[in-house]
Amino acid sequence: MEFIIVAIILIFIVLYRKYKGENVSKFITEQATIIYDKFAPYSFKLVREKTKELGQEYTARQYLMQVIIFTSFAAVVSYLYFYSIPVTIFYMFVVNFSIPYLAFLRCKKVYSEFIFEQIQVYTTNTIMEFATTQSFVKSIEGVAASGVLEDPVLGDVNQMIQMSYANGSIDEALEYMNQKYPYYIVKNMHQLFLQITKEGAMDSGESLENMQQDIDMLVEGVYRDRMERASFHKSFLQYGVMLYLMVMLIQYMLGRDTYIKLIEQWYVILILHGIILINSYFLLKGEKYYNENVGAE
């Protein structure tokens, strides 16, 4: 154990001397980022780039604070459970593997919110344009040229325009967009436009107005769901942390000396590891729920 501690100190000293005058933590963060970018899934790279463009990606300092907080918490909890320095170091090391996964979930949340807002803009503005032009293709051309959309939605709208002119109909273009963004507001709006185009309509104004009201109600519901999730998330994290610290109550009831004798039994150690793993899985599942499908209808 002493050898491991000395080795860690020596590595830090070597890094500090080699990169004297530079921020060692910054160097470590940059190297970790290079390795992560090399092996990260391509789809996540795109999501992360969009998160950076939106200015919502964590800074190196924020990621370092996460590492410090997670490592400190793992050290306290694991030592209270096992009173073993090797086990404590093991959990201090393992807990940091969850940080990339949490970053992945957070970036997906930011990206999902961005896409939903873009879809809201796309549907609302297309309806407004159609009320004037009475042509679906002209409507989406106006939306694309207005500058209110950003990639990737803007690129997909331009693809719809090209497909419509190439095929002489909007059917394939609508199906393309429905598959790419399977939101009810998109499918319902496209179905309405398809009916107007195929069947004709003496006055589509009322139908378009009803569609706009449906979109407004749906968007209101989504934003209400986000606020409820945020409130639930805070309570959930507090509850999850308290589950880890239940061992303190057990030690208080049994007495510290009795508890230390108890954890000398192999099956007790196994149970304690199981409790930590189950609690961790519970927290990660909760984080996954909170961060995913934020634009779902």
Practice item. Report yes if the side chains of Met248 and Gln251 come closer than 4.5 Å at any heavy-atom pair, otherwise no. Key: no
Review point. When the aromatic ring centroids of Tyr290 and Phe236 are compared, is their separation below 6.0 Å?
Key: no
Exercise for review: Find out whether Thr59 and Leu64 are in side-chain contact, i.e. whether some heavy atom of one side chain is under 4.5 Å from a heavy atom of the other.
Suggested key: no
Check your understanding: If you look at every heavy atom in Ile185 and Phe116, which pair is closest and at what distance?
Key -> CD1-CE1, 4.4 Å
Study note, to complete from the structure: Separation between CG (Leu80) and CG (Leu272), nearest 0.5 Å, reads 11.5 Å
Review point. Do the non-hydrogen side-chain atoms of Pro100 and Tyr63 ever get within less than 4.5 Å of each other?
Key: no
Check your understanding: Can a salt bridge be assigned to the pair Lys261 and Glu264 using a cut-off of 4.0 Å between side-chain N and carboxylate O?
Key -> no
Practice item. Using the rule that two of Ile, Leu, Val, Met, Phe, Trp, Tyr join whenever any of their side-chain heavy atoms come within less than 4.5 Å, decide whether Leu277 and Ile271 are in one cluster. Key: no
Exercise for review: Could you go through the side chain to side chain contact (heavy atoms under 4.5 Å, CB included) check for Arg256 and Ile260 one step at a time?
Suggested key: CA-CA 6 Å; Arg256 185 172 179 273; Ile260 291 176; 3.7 Å; yes
Point to revise | Residue pair Ala144 / Leu154: nearest heavy atoms and the distance that separates them | key: O-CD1, 3.8 Å
**Study point:** Gln66 and Gln62 side chains, donor-acceptor separation under 3.5 Å
**Key:** no
Review point. Are Phe104 and Val47 side-chain neighbours, meaning at least one heavy-atom pair lies under 4.5 Å?
Key: no
Point to revise | Heavy-atom side-chain contact between Glu287 and Leu102 under 4.5 Å | key: yes
Practice item. Indicate if Met128 and Ile119 have the same hydrophobic cluster label, given that clusters are the connected sets of ILVMFWY residues with side-chain heavy-atom separations under 4.5 angstrom. Key: no
Practice item. Answer with yes or no whether the hydrophobic clustering places Leu243 together with Ile278; edges join I, L, V, M, F, W, Y residues whose side-chain heavy atoms lie under 4.5 Å apart. Key: no
Point to revise | Side-chain donor/acceptor of Ser98 to backbone N/O of Val95, under 3.5 Å | key: yes
Review point. Should the heavy atoms of other residues, nucleotides or ligands under 6.0 Å from OH of Tyr239 be counted, would the total exceed 12?
Key: no
Exercise for review: Could you tell me if the ring centre of Tyr91 sits under 6.0 Å from that of Tyr81?
Suggested key: no
Check your understanding: Just by modelled atom types, is the Phe130 backbone N or O under 3.5 Å from a matching donor or acceptor in the Gln134 side chain?
Key -> yes
Check your understanding: Yes or no on side chain to side chain contact (heavy atoms under 4.5 Å, CB included) for Phe114 and Thr51, after CA distance, side-chain angles and deciding distance?
Key -> CA-CA 9 Å; Phe114 165 76; Thr51 305; over 6 Å; no
Exercise for review: Check the hydrophobic clustering (I, L, V, M, F, W, Y; side-chain heavy atoms under 4.5 Å; chains of links allowed) and say if Ile263 and Tyr267 are grouped together.
Suggested key: yes
Point to revise | Close side-chain approach of Ser78 and Ile89, heavy atoms under 4.5 Å | key: no
Review point. Quick one: do the Thr126 and Ser139 side chains pair a donor with an acceptor below 3.5 Å?
Key: no
Review point. Would you find more than 12 non-hydrogen atoms of other residues, nucleotides or ligands less than 6.0 Å from Tyr165 atom OH?
Key: yes
Exercise for review: Classify the angle between the aromatic ring planes of Phe93 and Phe97 as parallel (below 30°), tilted (30 to 60°) or perpendicular (above 60°).
Suggested key: perpendicular
Practice item. Would you give the length of the straight line joining atom OH of Tyr101 to atom CZ of Arg106, rounded to the nearest 0.5 angstrom? Key: 14.5 Å
Point to revise | Cluster overlap Val76 with Ile250, hydrophobic side-chain contacts below 4.5 Å | key: yes
**Study point:** Distance (rounded to the nearest 0.5 Å) between Ser164 OG and Leu174 CG
**Key:** 7.0 Å
Exercise for review: Identify whether the distance between the nearest side-chain nitrogen and carboxylate oxygen of Glu57 and Lys50 falls below 4.0 Å.
Suggested key: no
Check your understanding: About how many Å separate OG1 of Thr123 and CE of Met189, when rounded to the nearest 0.5 Å?
Key -> 6.0 Å
**Study point:** Side chains of Met160 and Lys180 in contact at under 4.5 Å (non-hydrogen atoms)
**Key:** no
Check your understanding: Would you find a donor on one side and an acceptor on the other, under 3.5 Å apart, between the side chain of Tyr122 and the backbone of Val143?
Key -> no
Practice item. Supply the atom-to-atom distance Asp257 CG to Leu262 CG, rounded to the nearest 0.5 angstrom. Key: 12.5 Å
Exercise for review: Mind checking the CZ-OG1 spacing from Phe82 to Thr88? Nearest 0.5 Å is all I need.
Suggested key: 8.5 Å
Review point. Got more than 12 heavy atoms from elsewhere within 6.0 Å of CZ, Phe282?
Key: yes
Practice item. Would you please test Asn158 and Ile140 for side chain to side chain contact (heavy atoms under 4.5 Å, CB included) and show each step? Key: CA-CA 8 Å; Asn158 286 325; Ile140 59 177; over 6 Å; no
**Study point:** His190 side chain near Lys187 side chain, heavy-atom distance below 4.5 Å
**Key:** no
Point to revise | Asp151/Gln118 under side chain to side chain contact (heavy atoms under 4.5 Å, CB included): CA gap, chis, key distance, verdict | key: CA-CA 9 Å; Asp151 285 329; Gln118 286 284 289; over 6 Å; no
Exercise for review: Could you tell me whether Met92 atom CE has more than 12 heavy atoms of other residues or ligands within 6.0 Å of it?
Suggested key: yes
**Study point:** Donor-acceptor pair between His233 and Tyr289 side chains, under 3.5 angstrom
**Key:** no
